[in-house]
Amino acid sequence: MTSELLVAGGGIGGLAAALAARRAGWEARVLEQADAFSEVGAGIQLGPNATRILGEWGVLQGALREQAAVPPVLRVRDALDGRELGQLELGDAFAERYGAPYLTMHRADLQAGLLLTAGEAGARLRSATRVDRVEQADFFGVRAHTSDRKSVEGDALVVADGVWSRLREAVVQDGPARPTGHLAYRAVASQRDLPPGLRSQEVTVWLAPRMHLVTYPVRGGEALNAVCIVQGTHPGDPQDWDHAATQKQLGSAVGRACATVRDRIAGMPTWRLWVLHDRPPVASAAALSQGRIALLGDAAHPMRPYLAQGAAMAIEDARELQRVLAVTDGRVIDVPLALRRYALNRWERVAKVQEQSRRNGTIFHAGGALRWGRNLALRALGERLLDQRWLYS
C-alpha cells in the first residue's frame with residue numbers, strides 16, 4: 001500500500017512538498033485554507049540552488065520558463081550618491097558555474113508552475129480547507145482536523161502554512177513570529193509604462209542608512225519589480241501582507257536617498273506594504289520535526305529578505321523531504337526516522353541562511369564607519385563578496 005503525505009498549506013513550500021512526495025513514490029494531499037491556490041506578493045529572486053531543483057522537477061518548462069527573467073548582472077549602488085559599488089555577472093557564465101541559472105519572476109507565476117506540475121504528478125489539491133489541529137493518530141499515522149469538522153489521516157504530515165503558522169506548535173512551542181522593526185514596500189509596473197531611464201533588465205540594489213531598494217525584471221522582463229525595505233513600525237494588523245501605502249509615506253522613509261532613487265520610487269504607480277516578521281535561527285533538529293510531523297519553509301524558519309532565500313529554502317526543504325521519503329520502507333527506516341533525518345540534514349543549513357540574512361540587513365542599512373567600510377570592501381572585492389558560493393553550490 002502506498003504511503004500518503006498530508007500537507008497543510010498550499011503556497012510555494014506546500015506545493016513543492018507535494019511534488020517532492022509524488023516524486024518519492026508517495027501519495028500527496030494538500031489542504032489549503034484559501035478558496036483558491038494563489039500567491040500574495042510580488043517578485044522573487046531564485047538563485048541556482050533553487051532553480052537547479054525546479055529544473056530537476058520539470059517545473060521550469062513551458063509558460064513558467066517564459067515568465068521568468070534572466071538578468072545579466074547584479075549591481076550594488078550607494079543610495080546616497082548613486083555611485084556603483086560592485087557587480088556580479090549573472091548570465092551564461094554564472095549558470096555554467098553552478099549548473100543552473102539565476103532567475104527572477106513573479107511569485108504568482110512560480111506558484112502557478114508548481115501547482116500545475118504537482119497536479120500533473122498526481123497530487124490531490126483541496127482548497128477552502130483550513131487545518132485547525134494536527135496530532136499523531138497512533139503509532140502508524142497522523143491526523144489533520146479540518147475546519148469542516150472532518151479529519152484526514154495519512155502516514156506523515158508537513159506543516160507549510162507560513163510565518164503565522166497555527167500548526168507549528170505540534171513540533172515546537174515558541175509563540176508567534178516576532179516583528180523585525182523593518183517594513184517592506186513593494187510595487188510592480190509594466191516596463192513600457194515607465195520612463196526609459198527607469199526601465200531595467202538587471203538586478204539593482206541601492207544601499208543607504210536604515211533602508212535599501214531592490215529592482216529587477218519579472219514577467220519575462222516585461223515588468224519591473226521593486227522592493228524598498230525601511231526601518232520602522234506600522235500600526236495595522238501585523239498578519240496582513242497587503243497594507244495600502246503611498247509614495248509620500250515611502251518618500252519620507254528613505255531619508256537622504258539621492259534623486260535617482262527617489263525617481264525610481266516616484267516612477268512606480270502603486271506601492272503596497274507589509275510588516276516583516278521572523279524567528280531566531282533554528283537551534284536544533286528538534287525544532288523541525290516531531291514524530292510523523294515536519295515543518296517546512298516559513299513555518300519552520302522564516303527569515304529576513306536580505307539574502308533573497310526564503311522561497312529557495314522551502315524548495316530545498318522539499319527536495320530533502322523527497323530524498324528521505326524515497327528511502328522510507330517502514331522497517332529499517334520508518335517515517336519518524338526519515339523525518340528525523342530530514343531535520344538533521346536541514347537545520348544547520350537553514351540556521352546559517354537565517355543568520356546571514358540578519359547580518360546582511362545590518363550591512364545593507366549601515367551608516368557611519370560601517371557604511372564606509374562596506375563601500376570600500378565592495379569597491380575592492382566586488383564579485384568575490386557578492387558571489388555566494390557556499391549558498392549556490
Indicate yes or no: does [X] engage [Y] in a salt bridge with an N to O separation below 4.0 Å.
{"X": "R323", "Y": "E320", "answer": "yes"}
{"X": "R126", "Y": "E32", "answer": "no"}
{"X": "R279", "Y": "D174", "answer": "yes"}
{"X": "D78", "Y": "R83", "answer": "no"}

Salt bridge (Lys or Arg N to Asp or Glu O under 4.0 Å) pairs, two or more places apart, involving [range]:
{"range": "residues 47-71", "result": "E56-R319"}
{"range": "residues 1-25", "result": "E4-R29, E4-R124, R22-E27"}
{"range": "residues 384-393", "result": "R97-D387, D387-R389"}
{"range": "residues 198-223", "result": "R75-E202, D109-R219"}

Within the distance-only criterion (no hydrogens, no angle test), does the side chain of [X] pair as donor or acceptor with the backbone N or O of [Y] below 3.5 angstrom?
{"X": "S151", "Y": "A144", "value": "no"}
{"X": "R292", "Y": "D155", "value": "yes"}
{"X": "S147", "Y": "R130", "value": "yes"}
{"X": "Q173", "Y": "E169", "value": "yes"}
{"X": "R304", "Y": "H277", "value": "no"}
{"X": "R371", "Y": "A366", "value": "no"}
{"X": "D317", "Y": "G297", "value": "yes"}
{"X": "Y216", "Y": "V205", "value": "no"}
{"X": "Q45", "Y": "L307", "value": "no"}

Other hydrophobic cluster members with [X], side-chain heavy atoms of Ile/Leu/Val/Met/Phe/Trp/Tyr under 4.5 Å, chained?
{"X": "I363", "value": "none"}
{"X": "L80", "value": "none"}
{"X": "V172", "value": "L6, L31, V131, V134, V142, V152, L157, V159, L167, V171, I293, L295"}
{"X": "L344", "value": "none"}

- Query: Pairs in or reaching into residues 3-30: which pass ring-ring contact (aromatic ring centres under 6.0 Å, His included), with residues at least two apart or in two chains?
  - Reply: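 Sorted pair list comes back empty.
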- Hey, could you give me each pair passing ring-ring contact (aromatic ring centres under 6.0 Å, His included) that has a residue in residues 109-136? Not counting sequence neighbours.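 Checked against ring-ring contact (aromatic ring centres under 6.0 Å, His included) - neighbours excluded - no pair reaches residues 109-136.
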Taking only distance into account, with no hydrogens and no angle test, what donor-acceptor pairs under 3.5 Å do side-chain atoms of residues 282-290 form with protein atoms, sequence neighbours excluded?
residue, atom, partner, partner atom, Å
S284, OG, A286, N, 3.3
S289, OG, L339, O, 3.4

- Do Q354 and Q356 meet the criterion of a side-chain donor-acceptor pair at a distance under 3.5 Å?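 There is no such pair between these side chains.
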- Would you call P101 and F94 a side-chain contact if the rule is heavy atoms closer than 4.5 Å?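 Of all side-chain heavy-atom pairs linking F94 with P101, none is under 4.5 Å.
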- Item | Partner residues of H212 under the ring pair (Phe, Tyr, Trp, His ring centres under 6.0 Å) criterion, sequence neighbours left out |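 Residues passing ring pair (Phe, Tyr, Trp, His ring centres under 6.0 Å) with H212: Y306, F364, H365.
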- Between W347 and H301, ring centroids under 6.0 Å: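 Not close enough - the centres of the two rings lie 6.0 Å or further apart.
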- Item | Where Q191 and P217 come nearest, the two heavy atoms and their spacing |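 Taking Q191 first and P217 second, the nearest heavy atoms are NE2-CB, 4.1 Å.
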